[in-house]
Protein chains: 2
Amino acid sequence: MTYTVQKLAALAGVSKRTLRYYDQIGLLKPAEINASGYRIYTEKEVDLLQQILFYRALEVDLNTIRSIVHSPAFDRKRALEEHRKQLAAKQQQINLLLGNVEKSIQMIERKGHMSAKEKFAGFKEEKLAENEAMYGEEVREAYGEEVVDAANQKFRDMTAVQYEEMQKTEQQLFLKIKEAMQTGNPAGTEALQAAELHRKWLAFTWPSYSKEAHAGLAEMYVQDERFTAYYENYIQKGAAQFLRDSIQHYTKG
Amino acid sequence: MTYTVQKLAALAGVSKRTLRYYDQIGLLKPAEINASGYRIYTEKEVDLLQQILFYRALEVDLNTIRSIVHSPAFDRKRALEEHRKQLAAKQQQINLLLGNVEKSIQMIERKGHMSAKEKFAGFKEEKLAENEAMYGEEVREAYGEEVVDAANQKFRDMTAVQYEEMQKTEQQLFLKIKEAMQTGNPAGTEALQAAELHRKWLAFTWPSYSKEAHAGLAEMYVQDERFTAYYENYIQKGAAQFLRDSIQHYTKG
DNA sequence: AATAAACGTTGACGCAACGTCAGCCGCAAG
DNA sequence: CTTGCGGCTGACGTTGCGTCAACGTTTATT
């Protein structure tokens, strides 16, 4: 059984253009080019195309697909078993996205008839959803599921008053860091007060405190430029660095 | 507090180019362009960028994001519902692909043959419309938002391995039912194996097993046309009926 | 045998969502 | 005064195709 572009395209549910492109980049070459220059495909190419499409469905880029399916070590059955695993994972991932989309929709629906209390709860949920969608995987990887869930729960349980307290504490922290930076000494009284304020601020969302975790977070402030930028913006250049040093002295003292 | 491109980029974890692009396409315009032509952003734009990035994390395209963040709540809701639909469609498609994978593996193991058409099941769009009944908006209306969300939550809480196992079991169940239907005997070995697989599949979501509940669910498969449609869609006509009969023999034997 | 429809072919340009140059301007520090 | 940093605007590159246009082949119909 042989196929022309049209036939194969219809069979596999891809466009003719796609087949031409795959030929062009050497991903799927026809078995033969006939006298009139037509591309002729056979069963072998059909099987290969199937594999290619599986990888494509998993969002593997064509370059990588090429090196996989043309590798001499390529084993169809093993590949299929891997597909099963990856597809299941993908489905779960989409399910997660769906959950967040769903939450957003519900927020919109409910906002109209919410009391102030409910609106605050909604506000918190929004913040959590934002966080989860953007940093969820990263943070869960670093701190573990339970810690993150506990922290989120603590955030949920906050009252509006507590939330304001937290905001105020952060402002105080910023001012204190600025003050401390004027002394230039990350081990001085001012600096240690800043570290203390930072600890207090943390306590609003962290379920428990440990010096190690505190120092670890401080380290991240200089490692991750998003945090660095955050502090430098609200305070001044070198703020993240200074805070890190202060916290190190604080946790070691 | 104001931000230049660099600052905002670092803060939000995106590139300067991205901000420039978002300005260009009118997705996120700076609050002001100062005398030297610099882009100046304020807190308002920071918030907006957060929102944009949230939707981007949900794989919404920038054009849609623009209409979401710059529109009233009503349009926002519609856009999100549309996105939800797309994600749901993607999920169904992956379901079909999982069926394809399972069948391909079985065919290799049993040295059977698949038609060229079967090899591309799930890659073509054809069948998706019929699945509306099980995954589309309709089912949300029929069972209510809460029930559907709760069901999805259950899958979300499963580990990737559990989920993969469940998918695998379901696909094997489909294949076994098809096989059993060829014998025509809902009390035969094949049919009982199918019922057994169905029990195994159930175990992933049911906390405990009882013959009565199993038989009850089987009965529902023929009573509720949505379930009937689901099985007939993935297997063939009469599948729900046949499975019901098989389970009845299984639970009574 | 002529002709039209339905195929096939090769360029070539367009698209999203940026990355990555090049070339230029403004401004604070050494 | 020049060095370095940050800002700016083009403009071209990338991936995986969609969508013409212009032209050759095969097949069906007149």
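Naming: A, B, ... by sequence-line order, numbering from 1 per chain. As a basis for the values below, the full set of heavy atoms in this structure was taken, side chains included, without hydrogen atoms, waters or symmetry mates.
There is no side-chain donor-acceptor pair under 3.5 Å between B:T64 and B:S67.
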Protein and nucleotides 21-24 of chain C: nitrogen or oxygen contacts under 3.5 angstrom:
none

Anything under 3.5 Å between a protein N or O and an N or O of nucleotides 25-30 of chain C, put it in a table, one pair a line.
none

What are the atom names and distances for every N/O pair under 3.5 Å that joins the protein to nucleotides 12-17 of chain D?
| unit_1 | atom_1 | unit_2 | atom_2 | d |
| --- | --- | --- | --- | --- |
| D:dG16 | OP1 | A:L62 | N | 3.0 |
| D:dC17 | OP1 | A:R56 | NH1 | 3.0 |
| D:dC17 | OP2 | A:Y22 | OH | 2.5 |

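Other residues, nucleotides and ligands contribute at most 12 non-hydrogen atoms within 6.0 Å of the NZ atom of A:K85.
Summarising the geometry of A:L192 relative to A:S246, their closest heavy-atom pair is CD2-O, 4.1 Å, with the distance given to 0.1 Å. Among all heavy-atom pairs drawn from A:A240 and A:T228, the shortest one is CB-CA, 3.9 Å. Here the closest non-hydrogen pair linking A:T183 and A:A180 is OG1-O, 2.6 Å. Closest heavy-atom contact between A:L49 and A:A12: CD2-CB, 3.6 Å.
Between A:F227 and A:Y231, a ring centre-to-centre spacing not shorter than 6.0 Å is recorded.
Not one side-chain nitrogen or oxygen of A:Q6 sits closer than 4.0 Å to the OP1 or OP2 atom of C:dA6. Note on B:R39: a side-chain N or O is less than 4.0 Å away from OP1 or OP2 of D:dT9.
Here the P atom of nucleotide C:dA16 and the CG atom of B:L27 are 13 Å apart, to the nearest Å. If you take CD1 of A:I33 and C1' of C:dT9, they are 10 Å apart, rounded to a whole angstrom. Distance, B:L8 CG to D:dC8 P: 11 Å, rounded to whole Å. Taking atom CG of A:L19 as the reference point, atom C1' of D:dG18 lies 14 Å away to the nearest angstrom. At whole-Å resolution of the value, CD in B:Q24 and P in D:dA11 are 12 Å apart. Straight-line distance from the NZ atom of A:K7 to the P atom of D:dT27: 10 Å, rounded to whole Å.
The side-chain contact (heavy atoms from CB on, under 4.5 Å) test applied to B:A121 returns B:N100, not counting sequence neighbours. Partners of A:Q86 under the side-chain contact (heavy atoms from CB on, under 4.5 Å) rule, at least two apart in sequence or in another chain, are A:L58, A:E82. Every residue meeting the side chain to side chain donor-acceptor pair (under 3.5 Å) condition with A:E125, not counting sequence neighbours, appears here in chain and number order: A:R156.
Checked for salt-bridge contact, A:R140 and A:D149 meet the test: a charged N lies under 4.0 Å from a carboxylate O.
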